[in-house]
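Working notes, structure below.
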Amino acid sequence: MILLLSSIAATLALISTILVLYEKDVAKAVVLAGVESVFYALLLQVFLAPDLLIAYVGIGLGLNTVVLLYVLTKGERYEEA
Amino acid sequence: MIDLILFYIGVALVFIGGVMDILATIGFFKFKEFYTRLHAATIGSIGGGLYPLIGVVFIVLGLDIDYNLKLVFTGTSIIAAGIIALATPAGSHILARGVYRSREESPSVIIDRLGEDLERGEME
Amino acid sequence: MVSYETLLGVLPVLMSLFTIAMIIYSIRVFTSKTLGSMVLAIDALVVDLVVLMVLVALYYKSAFLLIGVIPLASWVFLLDVVVARYLEKRWSK
């Protein structure tokens with residue numbers, strides 16, 4: 001049961017990563033990268049690694065989203081195809 | 001006797017929270033616009049987040065585990081429930097303000113007085 | 001005191017409810033058109049995942065696994081503030 005939950009979380013993280021790759025809107029891509037980190041946090045909790053979990057929540061979620069969205073206010077939102 | 005009552009009250013609260021979460025997902029697909037989806041988001045965050053965390057407190061109080069473990073679970077659940085109850089309504093409110101002012105989505109209303117005032121530059 | 005095996009009997013039912021909700025919220029996040037709807041769905045998704053993480057920690061009977069719950073719950077508010085600030089700055093430019 002607990003392994004089924006972890007497999008579902010890993011699959012959703014993979015789908016999120018593929019969507020980040022093909023996204024033309026950069027702001028949506030930054031937020032989707034945050035979603036991927038959220039699923040990794042659940043996966044690391046199921047695999048009993050709380051030290052990696054706190055690093056993922058601090059860096060992958062907090063710092064990444066704040067810094068990239070701050071940089072994006074000074075640039076273009078949509079990238080050219 | 002009292003621990004059995006506490007345990008089943010907690011299980012019922014967590015179950016109600018899960019059912020409300022699934023109802024909120026149905027609401028996210030039924031509503032077609034951002035401003036009406038705010039109702040569904042409130043059900044998903046308060047009904048699906050606050051009630052189960054209070055239910056976990058009741059479950060742990062009636063369960064046969066270590067005393068220190070009981071204290072840690074109770075404190076963390078109450079603090080997380082307080083953060084969710086205070087921060088999620090404020091967050092959705094500030095997000096609605098940002099989306100309205102950036103013309104990301106226009107609301108489907110007949111008369112929009114705030115939009116007219118913003119066009120004339122009266123409200124900053 | 002209620003024994004731990006009684007909890008193990010009802011815990012799969014509760015966790016499956018939140019797992020189904022997690023899958024449907026993820027589909028809503030992945031198929032949303034605008035940035036506002038996506039962030040609104042992420043709010044509900046992360047609150048759902050906080051409850052799921054507390055239930056996983058209760059399954060393992062470990063207090064150390066609760067360390068990620070409070071930062072994840074406060075990240076929801078941080079994401080709302082940052083995205084709203086980004087949108088308002090883009091309008092005023």
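Each chain gets a letter, A, B and so on, in the order the sequences are listed, and its residues count up from 1.
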*Kindly compute the distance separating OG1 (C:Thr6) from CG (B:Asp64), expressed to the nearest 0.5 Å.*
9.5 Å

*Please look at C:Leu35 and chain B and tell me whether the side chain, the backbone, both or neither of the residue comes under 4.5 angstrom of a heavy atom of that chain.*
both

*What part of B:Leu4 is in contact with chain C, defined as an atom under 4.5 angstrom from a non-hydrogen atom: side chain, backbone, both or neither?*
both

*Heavy-atom closest contact (C:Asp80 atom, B:Ser92 atom, distance)*: OD2-N, 3.9 Å

*Write down the atom of B:Gly98, the atom of C:Glu88, and the distance for their closest heavy-atom approach.*
CA-CG, 4.0 Å

*In terms of heavy-atom pairs under 4.5 Å with chain B, which of C:Asp48, C:Asp43, C:Val46, C:Val76 leads?*
C:Asp48

_Residues in side chain to side chain donor-acceptor pair (under 3.5 Å) contact with B:Tyr51, at least two apart in sequence or another chain_ = none

*Against chain B, work out which of C:Val69, C:Val50, C:Leu40, C:Ile24 has the most heavy-atom pairs shorter than 4.5 Å and name it.*
C:Leu40

_When B:Ile65, B:Ile94, B:Asp66, B:Val60 are compared by non-hydrogen pairs under 4.5 Å with chain C, the top option_ = B:Ile94

*More than 12 non-hydrogen atoms from neighbouring residues, nucleotides or ligands closer than 6.0 Å to OH on C:Tyr4, yes or no?*
yes

*Which portion of B:Ile83 sits near chain C, non-hydrogen atoms under 4.5 angstrom*: side chain

*Can you name the residues that form a side chain to side chain donor-acceptor pair (under 3.5 Å) with B:Asp21, not counting sequence neighbours?*
C:Tyr25

*Distance from B:Ile84 atom CD1 to C:Leu72 atom CG, nearest 0.5 Å?*
9.0 Å

*B:Phe28 portion near chain C, given a 4.5 angstrom heavy-atom threshold*: both

*Of the non-hydrogen atoms in C:Gly36 and B:Leu95, which two are nearest, and what is the gap between them?*
O-CD2, 4.1 Å

*Please tell me if the side chains of B:Phe15 and C:Val10 come closer than 4.5 Å, counting only heavy atoms from C-beta onward.*
no

*Report the distance from atom CE of C:Met22 to atom CD1 of B:Ile22, rounding to the nearest 0.5 Å.*
12.0 Å

*Checking heavy atoms, do the side chain of C:Leu14, its backbone, both or neither come under 4.5 Å from chain B?*
side chain

*Under 4.5 Å from any heavy atom of chain C - which part of B:Ile79*: side chain

*Can you say whether B:Thr42 sits under 4.5 Å from chain C via the side chain, the backbone, both, or neither, judging by heavy atoms?*
neither

*Do you know which two heavy atoms are closest between C:Val54 and B:Phe73, and how far apart they sit?*
O-CE2, 4.1 Å

*How close do B:Pro52 and C:Phe18 get, heavy atom to heavy atom, and via which atoms?*
CG-CZ, 3.8 Å

*In terms of heavy-atom pairs under 4.5 Å, which option from B:Ala80, B:Gly62, B:Gly49 contacts chain C the most?*
B:Gly62

*Interchain contact, C:Ser62 with chain B, by part (heavy-atom threshold 4.5 Å)*: backbone

*Might you work through the side chain to side chain contact (heavy atoms under 4.5 Å, CB included) test for B:Phe34 and C:Thr34, ending with a clear yes or no?*
CA-CA 9 Å; B:Phe34 173 76; C:Thr34 62; 5.6 Å; no

*Find out whether C:Val2 and B:Tyr8 are in side-chain contact, i.e. whether some heavy atom of one side chain is under 4.5 Å from a heavy atom of the other.*
no

*asked:* Let me confirm one number: the OG-CD1 distance from B:Ser77 to C:Ile70, rounded to the nearest 0.5 Å.
replied: 9.0 Å

*Taking all heavy atoms of B:Gly44 and all of C:Val47, pick out the closest pair and write down the distance.*
O-CG1, 4.3 Å

*Identify which part of C:Ser3 has an atom lying under 4.5 Å from any heavy atom of chain B, answering side chain, backbone, both or neither.*
backbone

*Contacting moiety of B:Val14, where chain C heavy atoms sit under 4.5 Å*: both

*For the candidates B:Leu6, B:Val11, B:Leu63, B:Leu23, which exhibits the highest count of non-hydrogen atom pairs separated by less than 4.5 Å from chain C?*
B:Leu63

*Using non-hydrogen atoms and a 4.5 Å limit, figure out which bit of C:Leu58 sits close to chain B: side chain, backbone, both or neither.*
both

